[in-house]
A.B. asks: 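Below you'll find the structure I mean.
Since the structure is predicted, the reported quantities are computational estimates derived from the model, not experimental observations. In this chain, residues are counted from 1 in sequence order.
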Amino acid sequence: MDNTLQDVMEYFLLRGALIGGVVVLVVLGLFAVALVLRRLGKLDRARQVVEPMIREGARRRGGLANMVAERVIKERR
């Protein structure tokens, strides 16, 4: 295989691994925050504050994002 092609493939593999690692860290961080809020008894209040922002963002995007957000919010009630 050509060295240039191999370098490009290594770059994309490294980039994908870094992006995947960041996504995993963000998800773990959000999970930790949710756990702390739940233990402090403030998770419901946080949901009440965040829900209108999520609903408005989904409404602006429309389509599938709006449909998913509305269904999740409806099932939570």
Side-chain angles (χ1 to χ4, degrees):
M1 212 160 50
D2 189 15
N3 281 340
T4 305
L5 180 59
Q6 187 174 2
D7 290 342
V8 170
M9 288 176 62
E10 288 174 1
Y11 168 75
F12 281 120
L13 183 62
L14 180 62
R15 182 176 158 197
L18 287 174
I19 291 171
V22 168
V23 168
V24 167
L25 288 176
V26 167
V27 168
L28 287 175
L30 290 173
F31 182 71
V33 167
L35 275 178
V36 169
L37 288 172
R38 183 174 178 207
R39 289 187 180 175
L40 294 175
K42 297 182 180 183
L43 185 59
D44 289 332
R45 177 66 183 135
R47 279 188 184 147
Q48 290 173 353
V49 170
V50 172
E51 182 180 326
M53 290 185 280
I54 291 174
R55 182 177 286 165
E56 180 63 23
R59 188 188 62 78
R60 285 184 182 182
R61 290 191 71 182
L64 182 62
N66 187 26
M67 184 179 72
V68 170
E70 289 298 323
R71 176 169 249 166
V72 168
I73 290 169
K74 186 186 297 183
E75 289 180 8
R76 291 254 181 218
R77 292 182 179 172

A.B. asks: Is it possible for you to say whether Val27 and Val24 belong to one hydrophobic cluster, with membership spreading through side-chain heavy-atom contacts below 4.5 Å?
C.D. replies: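 No; Val24 is not reachable from Val27 via cluster members.
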A.B. asks: Among all residues two or more places apart in sequence or in another chain, which pass the side chain to side chain contact (heavy atoms under 4.5 Å, CB included) test with Val50?
C.D. replies: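 Val50 satisfies side chain to side chain contact (heavy atoms under 4.5 Å, CB included) with Met53, Ile54 once adjacent residues are dropped.
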A.B. asks: Please report the interatomic distance CE(Met9) to OG1(Thr4), rounded to the nearest 0.5 Å.
C.D. replies: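 Spacing of CE (Met9) from OG1 (Thr4) equals 13.0 Å.
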A.B. asks: Are Leu43 and Val33 connected in a single hydrophobic cluster, I mean Ile/Leu/Val/Met/Phe/Trp/Tyr linked by side-chain heavy atoms less than 4.5 Å apart?
C.D. replies: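 Yes, it is one cluster - the side chains of Val33 and Leu43 are joined through contacts under 4.5 Å.
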A.B. asks: Please say yes or no: joined through hydrophobic side-chain contacts below 4.5 Å, possibly via intermediate residues, are Leu30 and Val22 part of one cluster?
C.D. replies: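 Per the 4.5 Å side-chain linkage, Leu30 and Val22 are co-clustered.
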A.B. asks: Output the distance between atom CZ (Arg38) and atom CG (Asp44), rounded to the nearest 0.5 Å.
C.D. replies: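 Output value for this atom pair is 10.0 Å.
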A.B. asks: Which residues satisfy the side chain to side chain donor-acceptor pair (under 3.5 Å) test with Arg39, sequence neighbours excluded?
C.D. replies: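 For Arg39 there are no side chain to side chain donor-acceptor pair (under 3.5 Å) partners, ignoring immediate neighbours.
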A.B. asks: Distance from Arg47 atom CZ to Leu37 atom CG, nearest 0.5 Å?
C.D. replies: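 With rounding to 0.5 Å, CZ (Arg47) is 10.0 Å from CG (Leu37).
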A.B. asks: If you measure from CG on Leu13 to CG on Leu18, what distance do you get to the nearest 0.5 Å?
C.D. replies: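 One gets 9.5 Å once the value is rounded to the nearest 0.5 Å.
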